[in-house]
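Given the structure is predicted, the values throughout are model-derived calculations rather than measurements. First the proteins, then the strands, lettered A, B, ... as listed; each starts at 1.
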Amino acid sequence: MNKIEKIYHNLLKEYGPQGWWPLLELDNSNHINITKTGTINGYHPNDYSYPKNENQQLEICIGAILTQNTSWTQVEKALINLKRMNALSVKGFKKLSIGKLKEAIKPAGYYNQKSKKLILFIDFFKNLHGKFPTRNELLEIWGIGPETADSILLYCYNQAEFIVDTYTKRFLLKNKIIDENDFKTLSYDNIKQIFIINLDLNYELFQEYHALIVEDGKNEKNN
DNA sequence: TTCCAGGCAATAC
DNA sequence: GTATTGCATGGA
C-alpha cells in the first residue's frame with residue numbers, strides 16, 4: 001500500500017464515510033432538519049447510488065457552481081431558496097427571471113457572475129438530454145473551471161476524476177507528500193496526477209477521499 | 001475589523 | 001506561462 005492509500009485508510013477510520021455530495025431533503029412542509037453542523041439532512045454515507053434522477057443531477061451541478069470560493073453553509077441557503085421557488089429543475093429554473101435568480105442565490109455571493117454561470121450551464125445541461133458531458137465540453141463553458149468540472153464529473157456523473165481544491169494542496173503539504181516549493185508551483189493537473197497514479201480509478205473511492213480531505217481540513221482549522 | 005470560504009475569468013507582465 | 005485583481009456574502 002502506498003502512502004496516498006495509507007492516508008486514505010487512516011482518514012476513513014478516523015472520520016467514517018462522509019456520504020458526499022449532500023442533497024436537499026425537505027419534508028412535506030418544506031422544513032429542513034439540521035443533522036450535521038452547518039449542513040442539511042442530505043448526506044448519505046456509504047450510499048454511492050446518487051444522483052437518482054435528473055433533478056438531483058442538476059442540484060449537484062448548481063451547488064458545484066455556487067460553492068466557488070464560497071462556504072457550503074452559504075450555498076445551502078441559496079439552494080433552499082431555489083428549491084422553494086421550484087427552480088431546482090430545468091423547467092422550473094427556466095421560468096425564473098434574472099432578478100429572482102439573483103435574489104435567490106444572493107447568500108452564496110458573486111450573484112452577478114454566478115447567475116450568468118448558472119444560466120449558461122443549464123442551457124448546456126438541457127441539451128445533453130441525459131448524456132454524459134466530457135471534461136473538455138465542461139471546460140468550454142464560461143464559468144466552469146477544472147475544479148467545478150471535476151466536481152460535476154465525480155459527484156454528478158460518477159466518473160473517477162479527482163478533485164483538487166483549496167484543502168487538497170494543504171492536505172498534501174501537511175502529510176509531506178509535497179514540499180513548500182511544490183505547493184507554490186504545482187498546477188491543478190500536477191496535483192491531480194499525484195492521486196490518479198497512486199489510486200485505483202474507482203469513483204466511490206474518489207468521492208470518499210475528496211470528502212474526507214475536506215472534513216479533515218475543516219477539522220484542522222478548529223484545532 | 002480583518003480574514004476567509006468546497007474558483008474563475010480578465011488582465012498585466 | 002505565471003502573477004495579480006475583481007467578483008459579494010456572511011460567519012468567525
Side-chain angles (χ1 to χ4, degrees), chain A residues 11 15 17-24 34 36-40 42-45 50-51 59-82 98-99 101-121 124 135-157 161-174 180-192 195 203 206-223:
Chain A
L11 285 176
Y15 298 111
Q18 298 297 302
W20 273 38
W21 189 279
L23 289 155
L24 293 180
I34 309 284
K36 195 173 168 182
T37 310
T39 70
I40 45 187
Y43 290 80
H44 40 85
Y50 290 86
E59 183 180 327
I60 291 170
C61 295
I62 289 175
I65 290 169
L66 290 178
T67 199
Q68 290 172 0
N69 202 35
T70 301
S71 58
W72 184 253
T73 51
Q74 294 303 107
V75 175
E76 283 179 342
K77 294 174 192 168
L79 287 173
I80 289 164
N81 288 341
L82 289 170
I98 181 84
L101 174 58
K102 287 181 181 180
E103 192 185 318
I105 67 171
K106 203 161 187 174
Y110 308 110
Y111 55 85
N112 288 308
Q113 291 195 350
K114 284 178 179 174
S115 56
K116 183 176 164 189
K117 291 178 183 182
L118 290 178
I119 289 167
L120 289 171
F121 180 82
F124 170 81
R135 191 168 190 271
N136 282 336
E137 282 172 339
L138 290 169
L139 291 174
E140 282 170 12
I141 305 168
W142 186 90
I144 308 292
E147 188 196 328
T148 308
D150 286 337
S151 297
I152 289 171
L153 290 166
L154 180 59
Y155 288 108
C156 175
Y157 293 103
E161 299 283 353
F162 206 92
I163 298 170
V164 179
D165 67 2
T166 51
Y167 292 118
T168 310
K169 279 172 90 174
R170 285 204 294 264
F171 168 81
L172 291 177
L173 184 62
K174 172 188 150 189
E180 294 278 358
N181 188 53
D182 294 333
F183 188 84
K184 280 182 256 177
T185 58
L186 290 183
S187 69
Y188 183 96
D189 290 312
N190 293 153
I191 300 283
K192 184 173 172 179
F195 290 92
Y203 83 89
F206 281 26
Q207 288 187 352
E208 198 62 70
Y209 208 152
H210 173 70
L212 285 165
I213 288 173
V214 174
E215 183 62 24
D216 187 53
K218 286 178 175 168
N219 206 273
E220 192 79 1
K221 266 179 55 181
N222 298 331
N223 293 342

Exercise. Taking C-beta and beyond as the side chain, do A:E140 and A:F124 meet within less than 4.5 Å on heavy atoms?
Worked result: no
Exercise. Just to confirm, is there a sub-4.0 Å distance from OP1 or OP2 of B:dC4 to any side-chain nitrogen or oxygen of A:R170?
Worked result: no
For this session: Write down the atom of A:A108, the atom of A:L66, and the distance for their closest heavy-atom approach.
Result: CB-O, 4.1 Å
Exercise. Can you check whether A:Y110 has a side-chain N or O nearer than 4.0 Å to OP1 or OP2 of C:dG6?
Worked result: no
For this session: For A:L66 and B:dG7, give me the distance from atom CG to atom P, rounded to whole Å.
Result: 12 Å
For this session: Quickly work out the A:L118 CG to B:dG7 P distance and round it to whole Å.
Result: 15 Å
For this session: Check step by step if side-chain contact (heavy atoms from CB on, under 4.5 Å) holds for A:I119 and A:I98.
Result: CA-CA 9 Å; A:I119 289 167; A:I98 181 84; 3.6 Å; yes
Exercise. With sugar-phosphate meaning primed atoms plus P, OP1 and OP2, does A:K114 contact a base, only sugar-phosphate, or nothing at under 4.0 Å between heavy atoms?
Worked result: nothing
Exercise. Under 4.0 Å between a side-chain N or O of A:S71 and OP1 or OP2 of C:dT9?
Worked result: no
Exercise. OP1 or OP2 of C:dT2 sitting under 4.0 Å from any side-chain N/O of A:T185?
Worked result: no
Problem set entry | Distance below 4.0 Å between A:K102 side-chain N/O and C:dC7 OP1 or OP2 | no
Exercise. C:dG11 P sits how many Å from A:K77 NZ, rounded?
Worked result: 4 Å
Exercise. What is the nucleic acid contact for A:Q74, judged by heavy atoms within less than 4.0 Å: base, sugar-phosphate only, or nothing?
Worked result: sugar-phosphate
Exercise. Which whole-number value in Å describes the distance from A:Q113 CD to B:dA10 P?
Worked result: 9 Å
For this session: Could you give the distance separating C:dG10 and B:dC8 at their P atoms, to the nearest angstrom?
Result: 23 Å
Problem set entry | Spacing between A:K116 atom NZ and B:dA10 atom C1', to the nearest angstrom | 11 Å
Exercise. So which one's nearest nucleotide on DNA chain B is more toward 5', A:S151 or A:I141?
Worked result: A:S151
Exercise. Picking from A:D189, A:L139, A:V164, A:I163, what satisfies side-chain contact (heavy atoms from CB on, under 4.5 Å) with A:P146?
Worked result: A:L139
Exercise. Per the side-chain contact (heavy atoms from CB on, under 4.5 Å) rule, which among A:T166, A:I213, A:I191 passes with A:F171?
Worked result: A:I213
For this session: Send over the distance from A:Y111 OH to B:dC8 C1', rounded to a whole Å.
Result: 18 Å
Exercise. Touch check for A:I105, heavy atoms < 4.0 angstrom, all strands: base, sugar-phosphate only, or nothing?
Worked result: nothing
For this session: Take atom CG of A:D165 and atom P of B:dC8, then tell me their distance rounded to the nearest Å.
Result: 10 Å
Problem set entry | Atom pair distance, as rounded to whole Å: CD in A:Q68 and P in C:dT9 | 16 Å
Exercise. Side-chain N or O of A:N112 less than 4.0 angstrom from OP1 or OP2 on C:dA8?
Worked result: yes
Exercise. Hey, does A:I144 reach any base, or is it just sugar-phosphate, or nothing, if we go heavy atoms under 4.0 Å?
Worked result: sugar-phosphate
